[in-house]
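I have placed the structure first, in the form of C-alpha cells, so that the comments after it can refer back to it.
For the numbers below, each heavy atom of this structure counts, side chains included, while hydrogens, waters and symmetry mates do not. Small disclaimer: the values here were computed from a predicted structure and weren't measured. Each chain gets a letter, A, B and so on, in the order its sequence line appears, and its residues count up from 1.
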Amino acid sequence: MYDHKKIEEKWQKKWAGSKIYSPDLDKAKKPFYNLMMFPYPSAEGLHVGNMYAFVHSDCLGRFKRLEGYDVFEPIGLDGFGIHSENYAIKIGEHIRDVSRRTEKHFYQQLHMIGNQYDWTRTVETYKEDYYKWTQWLFLKMHKKGLAYRKKAPVNWCLSCKTVLSDEQVISGKCERCGTQVVKKQMAQWFFGITKYAKRLLKNLNWIDWTEEVKLGQKNWIGQSQGALIDFPVLESKKKIRVFTTRPDTVFGATYLVLAPEMAEELDLSRVSNQAQVKKYISRSKKKTEQQRLEEKREKTGVELRGLQAVNPLNNEKIPVWIADYALKEYGTGAIMAVPAHDGRDFEFAKKYGLEIKCVVDPSEYRLVAKVPSEDFQEIVEEILKGKKCYEYKGRAINSGLINGLETKQAIRKIIKYLEKNKLGRRATTYKLRDWCVSRQRYWGPPIPMIECEECGWVPVKEKDLPVRLPDMDSFHPDGSGKGPLNKVADFVKTKCPKCGGAARRETDVSDPFVDSSWYFFRYLNTNDDKQPLNKSRMKKWMPVDLYFGGKEHAVLHLLYARFVTMVLKDLGYIDFEEPFSKFFGHGLIVKDGAKMSKSKGNIVNPDEYIERFGADSVRLYLMFLGDARQGGDWKDAGMAGMFRFVKRLWRLYENDVNALSLTRKKIKGAEKGDLEKTGIRKLHSTIKKVTRDLNRMSFNTAIARIMELVNWLGREKSNLSPDFNNRARKILAVLISPFAPYLGEEFWQKTGGRESVFKEKWPEFKEELARKKEIELVIQVNGKLRLKILTGVNITAQEARKKALEQERIKELIADKKIKKVIFVKGRLINIVI
RNA sequence: GCCGAUGUGGUGAAACUGGUAGACACGCGACACUCAAAAUGUCGUGGGCUUCGGCCCAUGUCGGUUCGAGUCCGACCAUCGGCACCA
C-alpha cells in the first residue's frame with residue numbers, strides 16, 4: 001500500500017540529516033543558482049499559487065542536479081511590508097507576533113512540498129541581520145546621489161495611509177489593498193531609477209526572459225525619441241521649451257500648452273485674466289486621479305491672455321494656454337499644440353476655437369491612414385482643410401524648408417536645422433519616473449537618515465547600522481503623513497552625526513520592494529554580519545541561472561532588482577549588471593475556470609490535498625495541468641486522477657521482479673525478444689523526450705511521456721524478464737524523481753539504490769535505440785490521407801512510391817488519371833498528386 | 001484608444017523547423033471481477049453519413065500561399081491581461 005505520509009516523513013529526515021541540498025558555496029565546481037521568488041508570508045498560509053511556482057522551479061533544479069550541477073536553491077520570507085501589517089491590524093494582533101507565527105507555519109509548509117531548499121541559508125527581510133544591509137543599500141544610494149528627497153505629487157493610498165511608488169499603483173488602485181489612490185503633494189525619499197532608464201531598456205535586448213515580461217518593462221520605461229524646441233515668449237527673455245516626437249509638424253503648431261503647475265514659473269504680471277488663471281491652477285492641483293477620470297477626460301484649459309509665444313520656424317505669434325492635459329512630469333511639462341496632427345490638440349482646438357493648420361499631406365498614404373479606399377479622397381480633403389485630424393506619416397506641406405519631404409526625412413532635417421540655429425535639439429524622454437521609497441508605516445526598515453537643524457539631512461554612519469525598528473504597541477498608520485515611528489520619542493530624538501547637535505530621525509520606513517530588490521545577493525552570504533555581499537561567491541554564482549516567478553512582477557520587483565544590480569555594479573561591488581540571466585514567468589492558477597478568491601470561497605489550500613494525496617501527487621498534478629507559462633485550471637477530479645496514476649506507479653514497484661517471472665506467460669523466444677526490443681526502445685525514447693521536454697520547460701508533456709512508459713510497463717511487466725523489469729524501474733525512478741522526489745527516493749531504494757537518488761546521474765539515451773525501426777508510412781492522394789502501410793524507417797522515395805502504387809486502394813483512387821507529382825517526406829509520408 | 005496574449009472534442013490540454021489533428025489525462029459509456037457496491041482492470045469515446053469497404057466535415061470567422069496549413073500571409077470577431085491625456 002502506498003502510504004505517502006510515511007514516505008514523506010522518512011525522506012524529509014534523511015534529507016535534513018545529509019545536507020545534500022547545501023552546496024559548498026566556495027568550492028562548488030558546477031554552480032547552478034536556482035532561484036524562485038520568495039513569498040511574503042500571509043497568515044492564511046502558503047497559497048497553491050506559490051506552490052505552483054515552487055514545484056516547477058524545484059523540478060528543474062532537481063533535473064539540473066541530476067545533470068551534475070551543484071544546485072543552490074535557497075528560500076526565505078519577504079515578511080516586511082504593508083500586506084503583513086494590514087493583516088495584523090485586521091485580526092487585532094501585533095505584527096511582530098503574527099510574523100513569528102507565520103514564519104513557523106510557512107517554513108513548515110515549505111518543507112512539506114518536498115523542494116530541495118538549502119535550509120541552512122534562509123533570509124527573512126524583517127530580521128535585523130537583513131534589514132541592516134537594506135539600510136546600508138540606502139546609504140550607498142544616498143552617497144551616490146541616487147537617494148534624494150523631493151517634494152512632488154505622489155500616490156497616496158487612503159486605506160494604507162502611506163505613499164506608494166508609481167509601479168505600485170495598478171489602474172489607479174493600491175497594489176496591496178485595491179483602494180483608490182489619490183495624488184498628494186509631499187516631500188519624500190526617491191531612488192533615481194530614471195538615470196538608469198536607458199540601460200534598463202538596452203539590456204532587454206539580450207537577457208533571456210519571457211518576452212511578455214520584457215515587453216512590459218519596455219512599455220513601462222516608455223522611451224520616446226524626438227526633439228526639444230524653444231519657443232521665445234514675446235517681449236520677454238523667457239523661452240518655453242517643449243518636447244515633441246513630431247518636430248516635422250512644428251509649422252502646424254498654432255498654440256502652446258503648459259501644464260498648470262508650470263505656469264507658476266512664468267511671469268504672470270502681464271496676463272490680463274490672472275484671477276481666472278490662478279483659479280484654474282489651484283483647482284487642477286486639487287484634482288485627484290479619480291476626479292479626472294470622472295470628468296471623462298473632457299479637456300479644459302485657460303488662455304494666458306496678454307502672453308504670446310513665437311514659433312521659431314515661421315516667426316508667427318501664437319497664443320499660450322494652460323491645460324491639465326499637459327503633464328508636468330513628462331517631457332518638459334509644455335507642448336507645442338499641433339491640432340491638425342494630434343488628436344488631443346485637435347479636440348482642444350475645436351472646443352476653444354483655435355486655429356487648425358494642416359502640414360502633413362496624407363494623399364499617398366491610404367494604407368497608413370487605415371481608411372477604405374472609397375472614402376479616402378473625401379477624408380483627404382477634410383484633413384487638408386483642417387476639419388479632421390491625421391496622426392500618421394505623410395508628406396510635409398506648408399512647412400518652409402521641409403516642404404515635400406516624407407515624415408522621416410522631414411524630422412531629420414528639422415532637427416539639423418534646430419541644432420544649427422540653436423533653437424532646439426534632438427532628445428529622448430522616458431515615461432519612467434523616480435522610485436518613491438518612503439512609506440508612512442511601521443513594518444519596514446527605518447530609513448537611515450537624520451534631519452539636523454544646522455546641517456540639514458545627514459545620513460546615519462555606516463557603523464551605527466542598523467537603525468533598529470523600535471518595538472511599539474500601537475503601530476497603526478494614522479494618516480498624518482508621518483509614519484507611526486514619529487510617536488516614539490526616544491527613536492526620533494537623536495544627535496546629528498555631523499555636528500553632534502540635536503536632530504530628528506526620519507520616521508518613515510522604506511518600501512518593502514527595496515528589501516526584495518537585493519535578497520538574492522544575500523542568500524550567498526547569510527550569517528556574515530560584517531559585510532552584506534560576498535565578492536568571490538558572487539563571482540561564482542551570479543548572475544542567477546534561472547529565476548522562476550510570476551509575470552505580474554514585470555514592472556515591480558523585476559525592474560527594481562535590475563536597477564539595484566546596476567547601481568551595485570557602478571559602485572564596484574559586483575562585475576555584472578543583470579541579476580537574472582534567465583527569467584521564466586509562469587501563469588496564474590485558477591480553480592474550475594475562475595480566479596481564486598476568498599469571497600468566492602474557491603481557494604485551494606495545498607495542505608488539505610497534501611494530507612489526502614501526498615506532496616508528490618500534488619506536485620505532479622500541478623505540473624501536469626498545462627503549460628507553465630500559461631497557468632492552469634485546478635480541478636479536484638483531475639487531482640484524484642493523478643492520485644490514481646501515482647498508485648498505479650507504486651504498484652509497479654510493489655511486485656518482486658522474480659516473483660513476477662513465475663507468472664510469466666509462456667511466449668515464444670522470438671516474441672519475447674521482440675517485446676524487450678520494444679521495451680528498450682520505449683525506455684530510450686522516454687528518456688529522450690523527458691530530457692527534451694525539461695530543457696524546454698514543458699513539464700506537462702514530460703509527465704505525459706512518463707505516464708505512457710508506466711502504463712506500458714504495468715501492462716507488460718509479467719511478460720518481461722526480471723532483468724529488464726529491474727532495469728526499467730531503476731531508470732524510471734530517476735526520471736520521476738525531479739517531479740516526485742519522495743517517490744523517486746523510495747523507488748530508487750526499492751530497486752537496490754543505497755544513496756540518495758539525487759546523487760545519481762540523469763539517464764542517457766541512444767538516438768538509434770530511441771528510434772522506431774518500423775513506421776506507419778502515410779499515403780496521401782492530393783494531400784488527403786488515404787492509407788497507412790507498415791514499412792521500414794529508412795524506406796527510400798522510389799521504394800515508397802512503388803509500394804504505394806501497389807496498394808489496391810490507391811490504384812482505385814488513381815484509376816486512369818495521370819500522376820503529376822509525387823512528394824516524399826522521409827520517415828513520414830508520401831503524397832501522390834493527380 | 002494603444003500594446004500584448006489566447007481561441008483546438010463534453011473538459012484540462014498535445015502537435016519538433018508546414019507533413020497522420022486531438023498525445024497524455026479528466027469525464028462519460030460498455031464489459032470483466034463482485035451477492036452487490038467501491039476499488040481495480042480491459043475496450044470504446046470529435047461530428048455527420050455508410051452498401052461496414054469507407055466517405056464527408058472539423059483547430060474562432062472569411063480569404064490567400066502551398067502537393068499539403070492548427071502552424072505561414074492578409075482582413076475580421078471574441079475573451080483575458082497591461083498601459084492609458086506620455087506630446
Side-chain angles (χ1 to χ4, degrees), chain A residues 170-172 211-213 215-216 218-220 222-224 226 242-247 249 253 257 259 292-293 297-299 323-327 329-338 341-345 347-348 391 429-433 551-552 554-555 587-588 592-593 595 621 624-627 629-630 632-642 644-645 647-648 651 689 692-693 696 698 700-708 710-711 714-715 775-788 808-809 812 820-834:
Chain A
I170 314 289
S171 313
E211 281 308 313
E212 212 181 331
V213 171
L215 199 76
K218 194 179 156 201
N219 291 341
W220 186 260
Q223 188 184 64
S224 299
V242 304
F243 174 73
T244 176
T245 52
R246 289 293 298 271
T249 62
V257 183
R292 286 195 192 201
L293 283 170
R297 299 271 151 93
E298 160 90 26
K299 290 191 177 42
D324 62 9
Y325 83 89
L327 308 172
E329 306 88 43
Y330 187 75
T332 60
I335 57 169
M336 62 173 205
V338 187
H341 307 292
D342 180 290
R344 294 153 300 179
D345 298 341
E347 192 191 320
F348 192 80
E391 296 183 294
T429 63
Y430 299 89
K431 279 199 256 186
L432 183 70
R433 277 176 252 163
K551 292 182 278 203
E552 69 275 14
V555 294
L588 202 69
D592 300 318
K595 249 186 197 170
Y621 180 57
F624 186 63
L625 277 177
D627 185 346
R629 268 157 277 253
Q630 286 173 35
D633 190 358
W634 176 289
K635 289 188 174 170
D636 286 353
M639 179 64 247
M642 182 54 82
R644 274 207 290 279
F645 166 74
K647 282 191 288 188
R648 200 156 63 232
R651 256 178 271 134
K689 286 171 184 165
R692 183 199 62 192
D693 286 354
R696 286 200 309 215
S698 181
N700 54 337
T701 55
I703 293 171
R705 301 287 88 91
I706 292 175
M707 282 175 166
E708 277 173 302
V710 170
N711 292 344
R715 239 185 348 257
I775 50 145
E776 279 188 316
L777 185 77
V778 168
I779 304 178
Q780 294 183 340
V781 177
N782 284 350
K784 281 198 171 158
L785 173 74
R786 287 295 127 131
L787 192 67
K788 296 178 199 172
E808 281 306 317
R809 289 221 40 238
E812 278 169 36
K820 288 185 196 150
K821 201 172 175 185
V822 175
I823 283 135
F824 176 73
V825 183
K826 195 168 179 260
R828 283 193 188 272
L829 58 79
I830 181 159
N831 184 13
I832 299 160
V833 187
I834 54 174

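Between the NZ atom of A/Lys551 and the P atom of B/C3 there is a distance of 20 Å, rounded to whole Å. Rounded to whole angstrom, the span from the CD atom of A/Gln223 across to the P atom of B/A87 amounts to 11 Å. Here the P atom of nucleotide B/C24 and the CD1 atom of A/Ile703 are 15 Å apart, to the nearest Å. For the pair A/Asp342 CG and B/G1 P, the computed distance is 17 Å after rounding to whole Å. The distance between atom CE of A/Met639 and atom P of B/C26, rounded to the nearest whole Å, is 12 Å. Whole-Å rounding puts the A/Glu211 CD to B/G4 P distance at 12 Å. One interatomic measurement links the two molecules: NZ of A/Lys218 to C1' of B/G82, which rounds to 15 Å at whole-angstrom precision. Distance A/Trp220 CH2 to B/C3 C1': 14 Å, rounded to the nearest Å.
Take A/Asp633 and apply the side chain to side chain contact (heavy atoms under 4.5 Å, CB included) test, not counting sequence neighbours, and it matches A/Val590, A/Lys635. A/Leu787 pairs by the side chain to side chain contact (heavy atoms under 4.5 Å, CB included) definition with A/Ile779, A/Ile789, A/Gln807, A/Arg809, A/Ile810, not counting sequence neighbours. Applying the side chain to side chain contact (heavy atoms under 4.5 Å, CB included) rule to A/Ala554 yields the partners A/Val213; only residues at least two apart in sequence or on another chain are considered.
Between B/U65 and B/A75, the distance separating the two C1' atoms is 15 Å to the nearest Å. Here the separation of B/G29 from B/G10, taken at their C1' atoms, is 13 Å to the nearest Å. On the P atoms, B/U17 is 23 Å away from B/C67, given to the nearest whole Å. To the nearest whole angstrom, the two C1' atoms, one in B/G48 and one in B/G9, are 15 Å apart. Spacing of C1' atoms, B/C80 relative to B/C31, comes out at 44 Å, to the nearest Å. Rounded to whole Å, the P atom of B/A58 lies 14 Å from the corresponding atom of B/G64. To the nearest whole angstrom, the two P atoms, one in B/U71 and one in B/G19, are 11 Å apart. B/U45 and B/G22 have their C1' atoms separated by 12 Å, given to the nearest Å.
Across all strands, A/Arg629 comes closer than 4.0 Å to no nucleic acid atom at all (heavy-atom distances). Looking at heavy-atom distances under 4.0 Å, A/Gly641 makes contact with sugar-phosphate atoms alone, never a base. If you check every strand for non-hydrogen atoms under 4.0 Å, A/Lys820 touches nothing.
Glycosidic conformation, B/G9: syn, with the torsion inside 90° of 0. Taking the syn range as angles within 90° of 0, the glycosidic angle of B/G53 is syn.
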Would you check, one step at a time, whether the test side-chain contact (heavy atoms from CB on, under 4.5 Å) holds for A/Thr244 with A/Val338? CA-CA 10 Å; A/Thr244 176; A/Val338 187; over 6 Å; no

Could you go through the side-chain contact (heavy atoms from CB on, under 4.5 Å) check for A/Leu625 and A/Asn700 one step at a time? CA-CA 7 Å; A/Leu625 277 177; A/Asn700 54 337; over 6 Å; no

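Looking at A/Arg246, its side chain does come within 3.5 Å of a backbone N or O of A/Glu391 through a donor-acceptor pair. In this structure a side-chain-to-backbone donor-acceptor pair under 3.5 Å is missing from A/Asp627 to A/Ser698. In this structure, A/Lys431 contributes its side chain and A/Ser224 its backbone to no donor-acceptor pair below 3.5 Å.
Taking the side chain of A/Met707 as heavy atoms from C-beta on, and the options B/A25, B/G4, B/C83, the nearest nucleotide is B/A25.
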Under a 4.0 Å heavy-atom criterion, the protein footprint on nucleotides 10-20 of chain B, written with B, S and -, is -SBSS-B--BB

How would nucleotides 39-47 of chain B be written as a contact map, 5' to 3', with B for base contact, S for sugar-phosphate-only contact and - for no contact, using protein heavy atoms under 4.0 Å? -SSS-----

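For the pair A/Arg786 and A/Ser224, both in contact range of RNA chain B, the more 5′-proximal nearest nucleotide belongs to A/Arg786. Residue-to-nucleotide proximity on RNA chain B shows that, of A/Leu215 and A/Phe243, the 5′-proximal contact is made by A/Leu215.
Base pairing in RNA chain B gives the following stems of 3 or more Watson-Crick or G-U pairs, range against range and under 3.5 Å: B:1-7 with B:77-83, B:10-12 with B:24-26, B:27-32 with B:40-45, B:46-49 with B:54-57, B:60-64 with B:72-76.
Taking 4.5 Å as the limit, every side-chain heavy atom of A/Asp342 sits out of range of all side-chain heavy atoms of A/Thr249.
The minimum heavy-atom distance linking A/Ile834 with A/Asn782 is given by the pair N-OD1, 2.9 Å. The shortest non-hydrogen separation linking A/Met642 to A/Ile703 is CE-CG2, 4.3 Å.
To the nearest 0.5 Å, atoms CZ (A/Phe645) and CG (A/Asn711) are separated by 7.0 Å.
By the 30° and 60° cut-offs, the orientation of the rings of A/Tyr621 relative to A/Trp634 is perpendicular.
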